[in-house]
Protein chains: 2
Amino acid sequence: MPKRADLSDTFCPVGRSAELLGDRAVLLILRDLFFGRRRFEAIAANTGLGPQLVSARLKLMEREGVVERHAYQERPPRHEYRLTAKGKDLFDVLYAMRNWAERWAYAEGETGAGPAMRYVHRACGTDVGTSTVCPGCGEPLRYGDLKGEPSEALRAEQAARTG
Amino acid sequence: MPKRADLSDTFCPVGRSAELLGDRAVLLILRDLFFGRRRFEAIAANTGLGPQLVSARLKLMEREGVVERHAYQERPPRHEYRLTAKGKDLFDVLYAMRNWAERWAYAEGETGAGPAMRYVHRACGTDVGTSTVCPGCGEPLRYGDLKGEPSEALRAEQAARTG
DNA sequence: CTTGTCACTATGATTATCATAGTTACGATG
DNA sequence: CATCGTAACTATGATAATCATAGTGACAAG
């Protein structure tokens, strides 16, 4: 491809987000980071992306300020990647994607009974379904408010990928 | 590229969404459709994408059931593209992207005073800022509840692109 | 001193994307 | 009736991103 058009200076907010988020690899890496996977190899294994692509995208995300590279030990040198505040604030986007998929992207009963990924509001214990506001207590849902529990099908799939 | 890994059968909901939404062109086309642009040429002009790419993505989106091709006149044959219910339900994703960008992707005062795109809750007239719940009346915000008003900077940019 | 782990980098084949130009179907203008 | 204009595309060739696979550097353990 010739260099794709740059959207980083458009005044449209969706355009600016699309520069970073309009990329499969970035979305998958973000998903893993939100899920608590911080190490390079773990992300590469679970996403199924090649190490070159993971490396390139993590560098991009670091430049964009959504992740931070952090040494968790010196000898041998080992690093992990953490979401910054700007990165954590992408939770709403990923959660909206999840909600949409749960509503539209599965065949009847494909994940057994219930959603592929169940979320419970920590504060009140309510299963939030696919709402942006807790159906129990009415509070808007933010990053950290929810406890996710993967369905049996999803757990099995992840186990197969990560060995 | 070699054929990229297929995510349409993963059990992860973010993965399933990423298959469609992890693509700049799809996001830009969705943005335009939400904004009321339904004609092929209008979308191509405003997004800046080539007609080949717009054509390919609209076909993909039709296969995925998020848009419908609709003839609005017979002679000469003219078509427009409309969001289906499944497509309209992507509003939360685009809105979350917009909110994130408004909070993080602009330099101080870059769009003048206020956001690049202002949204007002139709039901109560409150400026919703970057919330998912109306700060005035507390209602969750859905597609159709909001009236968008582009900033002067954004209006000028769009006018320049669409001639 | 060989094997193993983590975090990458290098290489080559394949394919998506862009810019530009061309096509089809018609209506309107001169 | 020949040309111009518009909408909605399709065709072509150059360029660049992606994938699979293999390899590197730093260390630790056996």
Side-chain angles (χ1 to χ4, degrees), chain A residues 1-8 10 15 18-29 32-33 37-63 67-82 161-163, chain B residues 1-7 10 15 18-29 32-33 36-63 67-82 161-163:
Chain A
M1 325 158 187
K3 187 183 212 154
R4 59 189 195 182
D6 183 31
L7 295 175
S8 58
T10 180
E19 189 72 34
L20 178 67
L21 300 176
D23 184 291
R24 276 163 38 97
V26 168
L27 293 175
L28 295 178
I29 292 170
D32 276 25
L33 290 169
R37 258 178 280 268
R38 294 202 243 258
R39 299 200 329 280
F40 187 96
E41 288 287 310
I43 293 169
N46 186 251
T47 57
L49 302 169
Q52 190 167 121
L53 187 51
V54 174
S55 174
R57 287 306 182 274
L58 283 171
K59 280 196 177 75
L60 168 66
M61 291 161 78
E62 210 185 343
R63 273 203 305 281
V67 299
E68 267 172 3
R69 193 165 182 262
H70 186 85
Y72 65 87
Q73 71 179 36
E74 294 282 323
R75 323 165 54 78
R78 291 286 181 272
H79 302 97
E80 62 177 23
Y81 292 88
R82 292 181 189 169
R161 274 197 302 258
T162 56
Chain B
M1 329 163 179
K3 187 185 210 150
R4 59 188 195 183
D6 184 30
L7 295 175
T10 181
E19 188 71 33
L20 178 67
L21 299 176
D23 183 291
R24 277 162 39 97
V26 168
L27 293 175
L28 295 178
I29 292 170
D32 277 26
L33 289 168
R37 258 179 281 268
R38 295 202 243 258
R39 296 200 333 279
F40 186 96
E41 288 288 310
I43 293 170
N46 187 252
T47 57
L49 302 168
Q52 192 168 121
L53 188 51
V54 175
S55 174
R57 287 306 181 275
L58 283 171
K59 280 196 176 75
L60 169 66
M61 292 161 76
E62 210 186 340
R63 272 202 306 282
V67 299
E68 268 173 3
R69 193 164 182 264
H70 186 86
Y72 66 86
Q73 71 178 37
E74 294 282 325
R75 323 168 51 76
R78 291 287 182 270
H79 303 98
E80 63 178 23
Y81 292 88
R82 293 182 188 169
R161 274 198 300 260
T162 55

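Phosphate contact (OP1/OP2 of C/dT9, side-chain N/O of A/Ser55, threshold under 4.0 Å): present. Side-chain nitrogen and oxygen atoms of B/Lys59 include at least one within less than 4.0 Å of the OP1 or OP2 phosphate oxygen of D/dT10. For A/Tyr81 and C/dC8, the shortest distance from a side-chain N or O to OP1 or OP2 is below 4.0 Å. Side-chain N/O atoms of A/Arg57 include one lying less than 4.0 angstrom from OP1 or OP2 on D/dT18.
When distances are taken from the side chain of B/Tyr72 to each of C/dC6, D/dA8, C/dA25, the shortest belongs to D/dA8. Nearest to the side chain of A/Arg24, among C/dC18, D/dC19, D/dA8, sits D/dC19. Here the nucleotide nearest the side chain of A/Pro51, chosen from D/dT21, C/dA7, D/dC9, is D/dT21. The side chain of A/Pro76 approaches D/dA28 more closely than any other nucleotide in the set C/dC8, D/dT18, D/dA28. With C/dT17, C/dA7, D/dC27 as the choices, the nucleotide that has an atom nearest any side-chain atom of A/Arg69 turns out to be C/dA7. When each of D/dC9, D/dA7, C/dC6 is scored by its nearest atom to the side-chain atoms of A/Glu41, the top-ranked nucleotide is C/dC6.
Salt-bridge formation is not detected for the pair A/Arg24/B/Asp23: no Lys NZ or Arg NE/NH1/NH2 atom is positioned less than 4.0 Å from an Asp or Glu carboxylate oxygen.
Other residues, nucleotides and ligands contribute more than 12 heavy atoms inside 6.0 Å of the CD atom of B/Gln73.
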For side chain to side chain donor-acceptor pair (under 3.5 Å), just list the numbers for B/Arg69 and B/Tyr81, CA-CA rounded to whole Å, side-chain angles, deciding distance to a tenth of an Å, and then say yes or no. CA-CA 5 Å; B/Arg69 193 164 182 264; B/Tyr81 292 88; 3.2 Å; yes

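Closest approach of B/Ala18 and A/Leu28 over heavy atoms only: CB-CD2, 4.4 Å. Of all the heavy atoms in B/Arg38 and B/Leu33, the pair that sits closest is CA-CD2, 4.3 Å.
Between the CZ atom in B/Arg78 and the CZ atom in B/Phe40 there is a gap of 12.5 Å [rounded to 0.5 Å]. Remark: A/Ile29 CD1 to A/Arg57 CZ distance equals 7.5 Å, nearest 0.5 Å.
Between A/Glu74 atom CD and D/dA28 atom C1' the separation is 16 Å, expressed in whole Å. B/Arg78 places its CZ atom 10 Å from the P atom of D/dC9, with the value rounded to the nearest Å. Atom CZ in A/Arg75 sits roughly 16 Å away from atom C1' in D/dA29 (whole-Å rounding). Here C/dA7 presents its P atom at 14 Å from CD of A/Glu62, a figure rounded to the nearest Å. One atom, CD1 of A/Ile43, and another, P of C/dC8, lie 10 Å apart when rounded to the nearest Å. The interatomic distance linking B/Ile29 (CD1) with D/dA8 (C1') rounds to 14 Å, in whole Å. Atom pair A/Phe40:CZ and C/dT5:C1' shows a separation of 14 Å (rounding to whole Å applied). What separates CG of B/Leu53 from C1' of D/dA8 is a distance of 15 Å, to the nearest Å.
At a threshold of 4.5 Å between non-hydrogen side-chain atoms, the residues A/Val67 and A/Arg82 do not count as touching.
For D/dT21, the base has no donor-acceptor partner in the side chain of A/Gln52 [N/O atoms by modelled type, under 3.5 angstrom].
For B/Ala56 and A/Pro77, each mapped to the nucleotide of DNA chain D holding its nearest heavy atom, the one lying further toward the 5' end belongs to B/Ala56. DNA chain C is contacted by both A/His79 and B/Leu49; A/His79 maps to the nucleotide lying nearer its 5′ end (nearest heavy atom per residue).
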Between protein and nucleotides 28-30 of chain C, what N or O pairs are separated by less than 3.5 Å?
none

